[in-house]
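Working notes for the structure below.
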Number of protein chains: 2
Amino acid sequence: MDNRKQRSERRTDALSRERIVEAAIEILDADGEAALTFRALASRLSTGSGAIYWHVADKGELLAACADAIVVPLMRIEVMAGEPREGIRLIALGIFDAIDRHPWVGSQLFREPWRFGMLQMFESVGARLLKLGVPDKALFDCVSALVSYILGVAGQNAANARMHPEGTDRSSLLAAVAARWEESDAEDYVAVRKMATQLRDHDDRAQFLAGIDLLLNGIAHLR
Amino acid sequence: MDNRKQRSERRTDALSRERIVEAAIEILDADGEAALTFRALASRLSTGSGAIYWHVADKGELLAACADAIVVPLMRIEVMAGEPREGIRLIALGIFDAIDRHPWVGSQLFREPWRFGMLQMFESVGARLLKLGVPDKALFDCVSALVSYILGVAGQNAANARMHPEGTDRSSLLAAVAARWEESDAEDYVAVRKMATQLRDHDDRAQFLAGIDLLLNGIAHLR
DNA sequence: TCACGTTTGGAACACCGTTCCAATCCATCA
DNA sequence: TGATGGATTGGAACGGTGTTCCAAACGTGA
């Protein structure tokens with residue numbers, strides 16, 4: 001009779017898929033992708049690896065569940081309010097910022113794109129493009145270009161973060177690369193030299209948005 | 001005296017960085033990324049792992065060297081001949097096709113983007129955009145959007161290939177996904193349902209090019 | 001011929017994901 | 001109430017990985 005009650009209330013210190021995912025995310029955020037091992041996870045949860053495997057099929061599913069926990073909530077964006085272009089920018093920025101906070105999501109999102117709220121993402125972006133008057137025939141190409149771009153930048157940011165773990169002084173790093181660009185051969189690298197100054201003080205987030213706007217711009221001028 | 005001669009001609013069966021990279025690429029192409037282990041490599045070269053480590057620092061460097069061997073030649077494209085837009089399309093398609101043939105390059109290119117002919121790629125694309133009249137101020141954003149998009153699609157293709165190893169019947173797979181899209185809720189998934197038919201018989205390569213054109217289009221209509 | 005730096009092959013190490021299993025918990029039923 | 005059996009746990013064990021280490025073989029200049 002109180003069957004329902006007892007099922008819904010679980011012992012707080014019992015292992016559960018959510019508690020495992022939560023602990024895994026803590027490890028991922030604190031020490032990066034390579035630090036997430038079943039041993040480290042078991043130790044943090046004061047248990048053995050076998051117990052974890054009872055709740056989670058394997059490491060792939062664990063990573064996917066972690067990424068889900070971060071990404072899926074992002075997909076629930078105000079249904080269709082506001083200007084469509086702005087809506088698309090918000091969706092894109094939401095993903096960008098999430099991956100900025102949790103770089104490991106980038107690689108995961110990338111490794112298995114179809115496990116996540118991809119359907120919702122396609123719908124969110126697609127519906128807004130329809131509202132902008134994109135013809136049905138061009139819709140899929142446009143949405144998929146936007147999504148590819150978003151995931152592409154996401155993945156690259158994750159790679160960047162993996163390479164420059166955190167404390168790195170970003171501006172001096174950029175300055176160093178820019179200096180190298182400026183020193184490259186004046187005849188063979190005309191464009192690179194011109195980009196060097198912009199590289200030095202560019203902002204990843206703004207540049208990401210510029211790319212989105214470029215795509216939206218191209219979509220607006222479809223014939 | 002024949003010092004030079006002896007240095008340049010190496011015994012054909014001696015181990016060398018190039019022979020190792022060559023063998024590694026064969027394994028990668030034949031059996032995928034997971035099959036490349038130092039043991040498998042050593043066995044193929046009839047040697048021990050220690051001998052390989054004398055020529056190659058670690059697995060990361062090995063993978064990077066393999067990717068270099070595929071990608072770097074692609075960057076040497078006819079200096080500045082032909083219509084700039086077409087040139088950019090050719091560069092992009094070159095990378096797309098290379099990754100289609102060697103999916104593992106996609107993930108590697110992605111993991112460490114700056115180890116490769118990225119400078120050349122920035123220059124090749126940038127110079128052509130300059131020729132198209134893109135103002136200096138917008139150059140970096142435009143190039144970087146194009147490069148991000150290219151790498152993004154590349155990575156996703158690699159992920160796809162990893163998931164559907166080869167023999168998979170692509171058209172029936174697409175049909176299955178499309179069917180699922182069509183069955184999704186009629187009210188909440190308007191756009192997805194419209195895209196389903198286009199998903200069913202789309203061509204990855206053409207769609208990739210459509211995205212490039214969208215970006216070029218947006219760049220052309222910059223104000 | 002000798003000596004010495006270069007190159008090799010494979011054993012050994014630490015660690016990983018995963019499997020297996022004995023021990024424990026706990027709700028249910030006789 | 002006590003027994004029973006499934007759900008859940010913790011940790012040992014297994015096969016495999018990247019990497020290190022080192023004794024042996026090679027080959028080249030003195």
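Here the structure is a predicted model, which is why all the values come from computation and not from measurement. Below, chains carry the letters A, B, ... as their sequence lines are ordered, and counting in each starts from 1. All values below were derived from every heavy atom in this structure, side-chain atoms included, with hydrogens, water molecules and symmetry-related copies excluded.
- Taking only side-chain atoms of A/Trp54, from C-beta outward, the nucleotide of D/dT19, D/dA7, C/dT8 with the closest atom is D/dA7.
- Taking the six-membered ring where tryptophan is involved, the planes of B/Phe140 and A/Trp181 are perpendicular, since the angle between them exceeds 60° and thus also 30°.
- Atom-to-atom, CG of B/Leu62 to P of D/dT17 comes out at 15 Å; the value is rounded to the nearest Å.
- What separates NE2 of B/His55 from C1' of D/dT19 is a distance of 16 Å, to the nearest Å.
- If you take CZ of A/Arg17 and P of D/dT9, they are 14 Å apart, rounded to a whole angstrom.
- Counting to the nearest Å, the P atom of D/dA13 and the OH atom of A/Tyr53 are 18 Å from each other.
- With B/Ile95 as reference, B/Ile150 is the one residue of B/Val153, B/Asp100, B/Ile150, B/Val105 to meet the side-chain contact (heavy atoms from CB on, under 4.5 Å) rule.
- For the pair A/Leu15 CG and D/dA7 C1', the interatomic distance rounds to 13 Å; values are reported in whole Å.
- Per the geometry, NZ belonging to B/Lys59 stands 15 Å off P belonging to D/dT20, to the nearest Å.
- Comment: A/Asp29 does not engage A/Arg101 in a salt bridge, judged by the lack of any side-chain N to carboxylate O separation of less than 4.0 angstrom.
- Listed by residue number, A/Arg39 are the residues of residues 32-44 of chain A with a heavy-atom contact under 4.0 Å to DNA chain D.
- Each of A/Arg200, A/Lys194, A/Arg193 was evaluated against A/Glu182; a single residue qualifies, A/Arg200, per the salt bridge (Lys or Arg N to Asp or Glu O under 4.0 Å) test.
- Note: A/Ile70 CD1 to A/Leu109 CG = 11.0 Å, rounded to the nearest 0.5 Å.
- Taking only side-chain atoms of B/Asp58, from C-beta outward, the nucleotide of D/dT9, C/dT8, D/dT19 with the closest atom is D/dT19.
- A salt bridge links A/Glu33 with A/Arg111: the distance from a Lys NZ or Arg NE/NH1/NH2 to an Asp or Glu carboxylate oxygen falls below 4.0 Å.
- Atom CD in A/Glu61 sits roughly 14 Å away from atom C1' in C/dG17 (whole-Å rounding).
- With A/Tyr149 contributing its side chain and A/Phe208 its backbone, the two residues share a donor-acceptor pair below 3.5 Å.
- Atom-to-atom, CD1 of B/Ile52 to P of C/dG10 comes out at 12 Å; the value is rounded to the nearest Å.
- Heavy atoms of B/Ser46 sit under 4.0 angstrom from primed sugar atoms or phosphate atoms, though from no base atom.
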